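Just so we're clear, the structure is a prediction, and the values are computed from it rather than from any experiment.
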Amino acid sequence: MNELLIIIFAPLLGGVLAWALNVRGIRELLGVAGAAVPLAYLVKLYSELDASGQLSHSIDFAGFTFSFSLTHLTWVFAMIAGVVGLASTIAMVSTSRDGYEWLFALMSLTGAYGVFLSFDLLGFFIFWELMTVGSFMMVLKYSRSAGLKYFVLSVVGAFAMFLAIAKIYALSGSFAFPDVANAVYYAMGRGDLALVFGLFLVAFGVKAGMFPLHVWAPDAYSETNQSYTAMFSGVLSKTGVYGFILIYMLIGYRLMVEFGAFRSAPKFGYIIAFLGGLTIIVGGLLAALQEDIRKLFAYSSISQIGYILVAFGVGTSLSIEAGIYHAISHALFKGLFFLIVATIIYRTGKTTFADMGGLAEKMPFTFAMAFVAILSLAGIPPMAGFVSKWLIFEAVISQNLPILGGMVFFGSAIGFVYLIRFTYAVWFGQRPTDLDDTKDAPLPLAVAMAILAIPNIVFGIAPGLVVKELNKIFGGEIVTSPTLWELNLGFGRYNGLLILVWLIVGLLIAAVIYFLGAPVRKVPVTDTYQSGNPVTMEYNLTIRRNFFLPLKEALAFWLRISFDKLYRDIGAWVEDFAEVMRNYVYNGNVQSYAWYLALILLILAMWGV
Amino acid sequence: MVSLLKRSLAIISILVIGYWLAQGLAGVPFGEDKMLVGHYYLQHVKEQTGAVNAVTAVVVNYRGLDTLGEVTVLFIASTGVAALLWRKKRERTAKVGGSPVLTVGTKFLVPFVMLFGAYIFIHGHLTPGGGFPGGATIATAFLLLYMAFTIYEIPHKAFEKVEGLAGMGYVLVGLIGLAIGGYFLFDWIWQDWQWGVDNIGRLFSGGFIPIIYTIIGIKVGTELSGIVDNMLKEEVRE
Amino acid sequence: MNGQYASLLIALPLISAFFVPLIKELGRKAVMGYLVMITALQTAIAGWVANEVYSTGKPIIVIAGGWKPPVGINLYIGHFAALFVLIIAVISFFMAIFSFRAVNVEPVDKYAMLFLLLMLGATGMIATGDIFNLFVFMEITAISAYALTAYNKTGEAAEASMKYIVLGGIGSSFFLIGVALIYGATGTLNMAHLAQLAGAIDPTVAQVGLALIIFGLAVEAELFPLNAWAPDAYQAAPHPITVMFSAFVVKAGLYAIGRLLYLFQGAEGWSGLLRLLVILATLTVIVAELSALRQKDAKRMIAYSSIGQVGMIAFALALGTQAGVSAGVFHMVNHAIVKALLFLTVGYVGVALGGTAIENFQGLGKRMPLTALTITIGSLATVGIPLFNIFWSKIRILLAGVEAGYSWSVALILGASVVEAVYYFRLVHTMWFVEGGGRIRENFAIGVIAIFLAALIIVIGVYPNDVWTIVQKAGQDLFNVANYIKNVPLMGVGA
Amino acid sequence: MNVPDISIYYFGAIALVLIGLYAALVKKNLLKILIGLSIMETGVNLLLISIGYVSGKSAPILSEGVGPTQAVDPIPQALVLTAIVIGVATTAMALSAVVLIYEKYRTLNVEEIRRLRG
Amino acid sequence: MIETALKALFILLYATFVGFMFMGIIRIVTARIHRRVGPPIYQPILDTIKLLSKKSNITHGLIYDFGILYAVGATILAVMFIPLGSIGVLRAYGDLILITFLLEIPMLGIMFAAMSSGNPYAGIGAQRALLTLLAIQVPLGFAIVALAEFYGTFSTYEIVMAQQTMGWSIFHFPLLLAAIAYDLVLQAMFGKEPFDIMIAPGEISLGPMVEFGGKHMGLLQIQHAIALFAETLFFANIFLGGGVVTAFSSSILNTIAGLAVLLVKQVAVLLIATFMGAIFPRFTIDQAAKFYWKWPTIIAALGAVLASL
């Protein structure tokens with residue numbers, strides 16, 4: 001079944017050709033083709049997958065055997081990569097200038113596909129590294145410090161994973177998932193097991209942006225081509241999430257047996273869930289305090305990933321299914337948000353909130369897309385965001401884990417808060433004079449945004465579509481969905497269509513009352529009730545900057561603890577240590593070198609005598 | 001104060017290393033017959049190589065490759081010294097010549113020293129010493145000339161050519177051995193042509209050992225004097 | 001043409017080195033042309049030998065002087081030696097071409113002689129089957145390296161050479177004491193014969209003798225405390241010579257350690273020595289990578305990185321398992337290619353822009369695009385990015401390391417390679433994303449070599465199967481001492 | 001710890017080696033270090049020779065009086081021949097390097113010759 | 001289909017009417033506490049009709065109008081979900097979390113409309129409203145968690161049915177804590193005195209409401225009325241046992257009795273809020289946030305933990 005290989009390597013091939021030919025028209029065409037081919041194949045393979053349940057393919061290469069497989073789970077994740085990847089590449093048509101970006105963007109997409117479809121640990125690791133390098137080079141082009149911080153953290157994660165893989169390989173002698181699973185189950189000691197879990201936690205935590213390891217995300221997401229960030233945060237963070245599922249698949253059962261459960265959630269799962277909860281809160285609060293539009297959405301992306309981690313941490317099949325559902329909806333609305341950010345930056349060239357404002361009239365289409373994205377991310381009922389959040393709430397709270405329930409609930413409000421902050425600063429209020437002639441989104445970006453907006457609405461109203469696929473992963477009827485519009489969990493029911501219908505009814509009633517009243521007179525934005533002094537264009541009164549000052553004061557104590565500073569200090573300390581050691585060890589004096597030789601002779605003598 | 005500490009530390013570490021080496025050497029008692037391959041050489045040296053002096057047989061014939069490497073090392077030394085001390089224009093800066101005793105003595109002695117050197121490397125396979133001591137004595141002859149006369153210089157361009165030729169000669173001998181006997185550095189004179197098989201112990205015996213030793217003698221002589229010449233000269237400051 | 005003609009591998013460079021003084025007057029161009037011709041010839045012979053060894057599967061045993069071992073000296077050109085002699089020849093050929101442009105300090109004929117003899121020394125070290133002969137060839141390599149390090153005749157070059165001489169001298173003296181001890185205990189110098197008698201040696205003598213031999217070789221193979229001379233020597237030597245240092249001179253020392261280590265498996269105290277070597281190797285990697293972090297000079301930085309990678313090879317060889325040795329050999333091959341490319345290109349930048357300080361590399365992407373691209377490929381390969389050749393050997397080493405139970409050192413080595421990634425990507429960033437000076441025309445020949453090496457890196461990276469099979473054979477040749485003894489036609493030499 | 005009873009020749013040889021090492025470790029002047037180096041080399045050569053000696057036997061020149069069983073081991077003597085020349089070569093290279101250093105640095109104190117470091 | 005439409009119409013009219021009556025009650029009770037007579041009970045209805053019939057209305061753009069419509073629509077949607085005795089239209093889908101969210105969404109609509117007007121006071125008002133929302137979210141979350149864990153279900157209807165057998169929630173200690181916390185949260189949701197910083201008339205001239213006038217203000221009054229009714233109804237259902245009466249034979253009588261019981265409970269909740277509102281001065285926003293994150297959160301968290309044991 002070498003279609004799997006085509007799916008994986010098509011983007012890279014497209015990227016390399018695009019970099020090689022580097023002609024304005026052809027390069028974009030190749031790039032988009034590179035992203036579209038895998039998606040087409042995935043859709044084609046769906047029927048075969050339905051029939052046989054798993055399509056696998058293995059090749060012998062460089063002395064190792066690499067196996068690839070497409071199961072329902074990996075099909076779902078691959079589809080996420082496909083859809084968001086395609087949207088992002090279409091958007092890149094307008095925002096990226098040279099072949100360099102096409103090559104590395106599509107290389108990271110190949111990495112993501114490879115991670116999802118590989119069925120052995122070594123293949124998984126290789127594509128993981130490929131993805132890291134691809135995304136790193138995209139960031140390195142814009143800023144060195146952000147790039148290096150991202151690279152060091154993700155390479156530390158990758159090497160932690162490699163150490164764990166090596167330890168398992170030393171035990172099982174092969175990399176394929178089935179052998180690994182039963183080798184870990186039967187032969188692994190308790191200490192090694194804990195070490196391997198810790199290493200995997202670090203490795204996938206870094207890529208998913210879990211709380212203590214999330215510091216790279218804001219810089220990396222903002223210091224790159226914004227339409228690539230849609231793929232970066234939409235798809236690449238999902239590889240981290242997929243990794244957590246891998247932990248469950250490969251060593252989960254043994255961890256459950258070895259370390260027992262804490263109130264129906266496995267102990268190791270509870271660690272993931274708790275860190276996920278912290279990620280939600282930290283990500284959300286920091287997002288609200290940001291001044292740069294890209295950073296706000298970077299932190300919001302981290303906070304949303306926190307939800308998925310909480311869902312996975314709880315460990316029941318319902319919560320994992322809810323987590324995957326949220327992974328899908330997060331990929332959609334986060335991808336959409338970053339495309340919106342890309343359009344804004346592409347049109348206005350501004351990135352901080354202070355210089356923006358009042359774009360709603362000038363960019364109506366983008367604002368409509370933003371409105372859809374806001375509803376979905378904040379979790380307003382008829383949207384996909386709400387369904388997945390609702391599933392996660394139900395799953396977490398029904399496992400009577402009160403603290404996690406509280407964290408998740410708090411998270412939903414934070415989402416609400418920083419979105420309003422974004423809306424107020426960018427769309428409404430007084431418009432600075434230099435933004436008066438901004439045009440609406442260019443065609444490629446508009447198409448990309450549309451591609452991501454539609455599923456947001458569809459999956460909200462008709463969650464049955466998604467739930468039918470997800471149930472196949474777990475085999476049983478985890479979430480029963482009698483009709484396409486309805487979900488029934490036994491202790492909670494949701495009906496997308498009904499909510500939409502009654503919302504429209506409500507709106508109609510309000511509209512009727514509205515139009516009964518007298519006609520309205522359009523008044524410009526500057527003519528507002530100012531208790532006395534009229535506001536003119538020059539004197540632009542707005543609190544776009546430092547919108548949440550009171551929140552910052554309330555959280556002043558917590559904001560002092562910053563892991564970013566901690567890692568930076570460690571980096572600086574390592575470099576100083578290296579400097580001192582180098583000048584001390586290689587001090588240029590041949591006599592001290594002779595002393596080193598004598599020292600080794602002494603060691604040999606001590607050893608021997 | 002620091003140097004005292006350093007010295008005492010050095011002494012202590014030296015003693016420990018010494019003790020360790022001594023322990024190692026205790027396992028190889030002095031004076032005992034520890035030979036294994038050595039006996040084979042002693043028994044077969046006469047009929048296999050025709051040399052009376054077993055050491056020269058081992059040096060040139062049995063372990064010929066070592067000596068080839070050996071000659072190369074010396075060649076590298078002389079080239080290296082020439083390369084490092086190379087200046088555009090160089091000349092001798094000695095001011096004071098040798099005293100009359102030295103100048104007259106050198107004029108008289110140099111030919112005999114050279115003859116004695118030649119004797120050593122020609123009789124390498126019979127008497128102790130071989131190409132290297134012979135070459136060294138020749139070099140001392142040139143050194144005598146340098147010390148006696150302030151203006152004397154060896155024709156170093158010619159000497160370098162001789163060095164090259166001698167080296168090539170040695171390798172050619174080896175290659176001829178390869179061509180005739182099938183093995184590189186094969187003693188075809190003794191093994192194939194069986195020359196001098198009957199008169200072991202006299203001059204014309206020992207296969208290609210005398211040939212190689214003469215080549216080495218000339219080469220070592222020229223190289224060492226080349227090194228002396230390089231080290232003596234100073235750069236000419238314009 | 002029976003196997004014995006393989007001895008031409010030794011005879012050819014020697015006779016052509018002696019021939020150089022005769023053609024000295026024909027001028028610089030002639031001497032350099034002659035050098036290129038000889039190295040091409042040597043590559044041809046090495047190719048023929050390698051083809052011979054790998055097709056028949058049996059090693060070629062060159063008997064010097066017709067005396068079968070242990071009486072005479074034999075050259076054992078097995079899978080490993082054939083592979084590496086070919087690598088030495090090819091890289092010397094490339095460096096001969098590079099010397100055309102890079103070396104313009106005056107006594108060029110002396111340079112040619114020393115160049116050939118350095119190549120000879122390394123070839124001899126790898127091919128020989130006799131430990132004293134190994135000492136002689138090691139000295140040939142070392143002394144020609146001393147001369148070539150100081151060849152530029154600047155203060156720094158002389159200082160670097162002096163340091164190398166002092167440390168190399170001490171190392172070789174102790175090596176000789178070790179040889180004396182081993183000879184005293186066994187009575188023979190031939191490696192195969194020694195392997196047979198290894199079990200019978202008196203324990204303390206074996207332990208002291210083996211420790212001293214490995215100590216002597218470790219100075220040559222740049223293990224941690226003993227490699228203090230290496231960064232200075234790499235930096236001060238002329239650019240082609242640095243390439244030869246990092247590509248095969250170090251490898252010869254490492255091969256010797258590997259060969260002797262596995263020969264004396266029978267001797268006492270062997271596993272203790274292995275553990276010590278693993279610790280030293282891990283220290284080498286860490287210290288070298290950390291020292292390269294804040295380097296001002298690109299050439300010295302890559303020198304440290306090369307030492308770090310060499311430390312990793314030593315770690316692989318000292319693991320004591322077949323997988324470890326094969327991985328180590330695979331890394332030797334990859335490292336030789338990548339470091340040759342890096343030093344070649346950085347050296348060429350040094351020649352073209354005067355000096356290899358990091359500032360000269362700013363905006364290199366615009367000034368010398370071809371060189372910048374090849375340097376980037378080289379750095380990405382060294383860091384161990386997938387789809388490049390070092391990645392495959394690095395993961396094999398680390399897997400073997402964990403399998404052999406040294407997961408702590410593997411963790412430290414991984415940490416060190418993170419540091420390595422940081423300073424290489426800093427270089428890549430300075431080259432491509434920082435503004436630099438005007439465009440500079442790049443030399444054609446050097447460009448072709450660089451492109452060839454870069455292409456080789458990517459080909460091995462993308463399709464490493466064939467190279468892996470070759471390297472596995474070479475690894476077995478090094479590790480499997482039993483068939484080494486079987487292959488060597490030992491004469492029964494009773495007391 | 002039992003002091004190993006090694007013969008005077010071994011003791012002398014090791015002593016020379018260690019004296020050479022001592023000079024390299026402690027002496028400040030570069031030339032003295034090189035002298036120490038050559039002492040070490042002579043010590044090693046002496047050790048090599050004394051390894052080959054068999055008490056009560058004569059030099060391995062198999063002229064009339066000396067049969068194969070009365071001769072000392074020839075191999076160490078052959079090795080020493082090579083080792084001596086290597087010692088000469090190393091010392092020659094070292095001295096020319098020192099000449100160059102003095103020409104450029106105007107000092108031979110090891111502490112000051114530290115331009116290449118870090 | 002017709003039958004649900006009629007029911008929905010009845011619920012809507014009943015909710016609006018009772019909502020306005022509640023606003024009237026609040027005004028009268030506060031006046032009486034301040035020792036004044038206070039306007040007649042139907043005064044809010046008159047005001048709303050006056051506002052709706054205003055001739056000159058201004059608008060700041062499409063979103064300015066759509067925001068108001070969305071707020072009213074969402075509140076109507078919320079009311080439909082909450083079980084009203086035996087009438088409830090979408091009772092079966094009345095999920096705790098869904099209703100809590102739906103009660104918060106009108107705020108989003110109003111926020112959109114206010115911000116698009118470009119008036120700085122509206123901006124500050126929006127910021128304070130959001131921070132209050134952030135503040136109440138923690139105790140609200142724990143209260144909902146306590147409820148869900150105690151009853152093991154999220155459906156409001158099942159909770160009401162469970163309370164018939166197990167007695168009102170407030171009689172069980174963990175849920176009593178949750179009720180107290182939820183009541184404090186209601187204070188802010190009603191926008192009553194201690195936590196109405198977001199619409200403080202003095203400092204930021206009614207905050208988000210500053211730009212609304214005429215029919216927009218009228219619609220907001222309707223929204224406020226329905227919201228009052230919905231929040232008190234929700235509280236009554238989940239904590240005070242809801243209005244399920246089966247004593248009478250005919251179903252009509254039962255429903256009326258049920259509504260009456262619910263009305264009494266709703267008025268009780270309203271009065272508690274009004275009494276608190278009349279006494280306390282206005283908190284500043286960070287005082288409000290700090291207060292909510294301290295005591296109500298502890299009480300609710302304790303309730304949640306106890307409920308989960």
Side-chain angles (χ1 to χ4, degrees), chain A residues 358 360-361 378-381 386 390 393-394 397-398 400 402 405-406 409-410 412-414 416-417 420 423-424 428-430 491-495 498-499 502-503 505-507 509-511 513-514 516-523 525-526 528-531 541-543 547-548 550-551 553-554, chain E residues 52 54-61 63 65 69-70 72-74 76-77 80 90 92-93 95 97-98 101-102 105 111 115-120 123-124 126-127 130-131 133-134 137-138 141-142 144-145 148-149 152-155 205 210-211 214-215 219 222 285-286 289-290 301 304-305 308:
Chain A
E361 288 87 8
I380 312 294
F386 173 77
W390 177 71
F393 286 178
E394 304 272 321
I397 295 168
S398 64
N400 57 48
F409 224 94
F410 183 67
S412 65
I414 303 177
F416 211 64
V417 158
I420 302 289
T423 331
Y424 178 74
F428 301 132
Q430 317 283 29
F491 44 78
R493 292 157 63 108
Y494 167 79
N495 186 326
L498 260 178
I499 291 175
W502 282 100
L503 181 64
V505 161
L507 287 176
I509 294 166
I513 300 169
Y514 177 81
L516 279 180
V520 277
R521 175 170 59 84
K522 180 86 173 62
V523 167
V525 170
T526 53
T528 58
Y529 167 77
Q530 290 304 352
S531 59
L541 259 181
T542 167
I543 52 162
F547 190 78
F548 277 121
L551 184 65
E553 280 143 16
Chain E
L52 285 176
K54 269 269 191 307
K55 283 289 170 285
S56 67
N57 290 309
I58 57 110
T59 171
H60 288 286
I63 299 110
D65 309 336
L69 298 186
Y70 187 82
V72 171
I76 290 169
L77 184 66
M80 290 307 162
L90 299 167
Y93 298 99
D95 185 285
I97 294 169
L98 182 66
F101 259 55
L102 286 179
I105 285 162
M111 219 56 68
M115 286 193 289
S116 70
S117 67
N119 183 326
I124 295 171
Q127 176 221 25
L130 283 169
L131 282 180
L133 179 84
L134 203 61
Q137 197 65 22
V138 182
F142 279 120
I144 297 293
V145 163
E149 268 157 26
T153 169
F154 282 89
S155 150
S205 60
V210 68
E211 276 302 307
K215 58 182 179 183
L219 275 167
I222 294 171
I285 189 62
D286 46 347
K290 286 206 175 64
V305 170
S308 72

- Query: For A:I414, is it the side chain, the backbone, both, or neither that has a heavy atom closer than 4.5 Å to a heavy atom of chain E?
  - Reply: both

- Which distance, rounded to the nearest 0.5 Å, do you find between the CH2 of A:W390 and the CZ of E:F154? 8.5 Å

- Looking at E:L131, E:D286, E:L52, which has the largest count of heavy-atom pairs under 4.5 Å with chain A? E:L131

- May I ask you to test the E:Y70-A:I380 pair for a side-chain heavy-atom distance under 4.5 Å? yes

- At what distance, to the nearest 0.5 angstrom, does CE of E:M111 lie from OH of A:Y424? 12.5 Å

- A:L516 versus chain E, the contacting section by heavy-atom distance below 4.5 Å: neither

- Task: Flag the one option from A:L551, A:V505, A:L498, A:V520 with the top tally of heavy-atom pairs under 4.5 Å to chain E.
- Result: A:V520

- Selection from A:G379, A:A510, A:P402 maximising heavy-atom pairs under 4.5 Å formed with chain E: A:P402

- Identify which of E:L130, E:V72, E:I76, E:L102 forms the greatest number of heavy-atom pairs closer than 4.5 Å to chain A. E:L130

- Query: Sub-3.5 Å donor-acceptor pair from the side chain of E:K215 to the main-chain atoms of A:A518, do we have one?
  - Reply: yes

- Top contributor to chain E contacts, counting heavy-atom pairs under 4.5 Å, from A:R493, A:E394, A:E553: A:E394

- Message: Let me confirm one number: the CZ-OG1 distance from A:R521 to E:T59, rounded to the nearest 0.5 Å.
- Response: 10.5 Å

- Note on the structure: Distance col, row E:I285:CD1 vs A:F548:CZ, nearest 0.5 angstrom, shows 10.0 Å

- d(A:I513 CD1, E:L69 CG) to nearest 0.5 Å is 9.5 Å

- Message: Heavy-atom pairs under 4.5 Å with chain A: which of E:G123, E:G152, E:A148 has the most?
- Response: E:G123

- Note on the structure: Counting heavy-atom pairs under 4.5 Å with chain E, the top scorer among A:Y514, A:F410, A:Y494 is A:Y514

- Among A:A378, A:S398, A:S412, A:A360, the residue with the most heavy-atom pairs under 4.5 Å to chain E is A:S412

- Distance, nearest 0.5 Å, that separates CD1 of E:I63 from CZ of A:F428: 5.0 Å

- Item | Nearest atoms (heavy-atom pairs only) where E:H60 meets A:K522 | C-NZ, 4.1 Å

- Item | E:K290 versus chain A, the contacting section by heavy-atom distance below 4.5 Å | side chain

- Evaluate the criterion side chain to side chain contact (heavy atoms under 4.5 Å, CB included) for residue pair A:F386 and E:L98; output intermediate values, then yes/no. CA-CA 9 Å; A:F386 173 77; E:L98 182 66; 3.4 Å; yes

- Item | Note, E:L134 side chain near A:F416 side chain (heavy atom, < 4.5 Å) | no

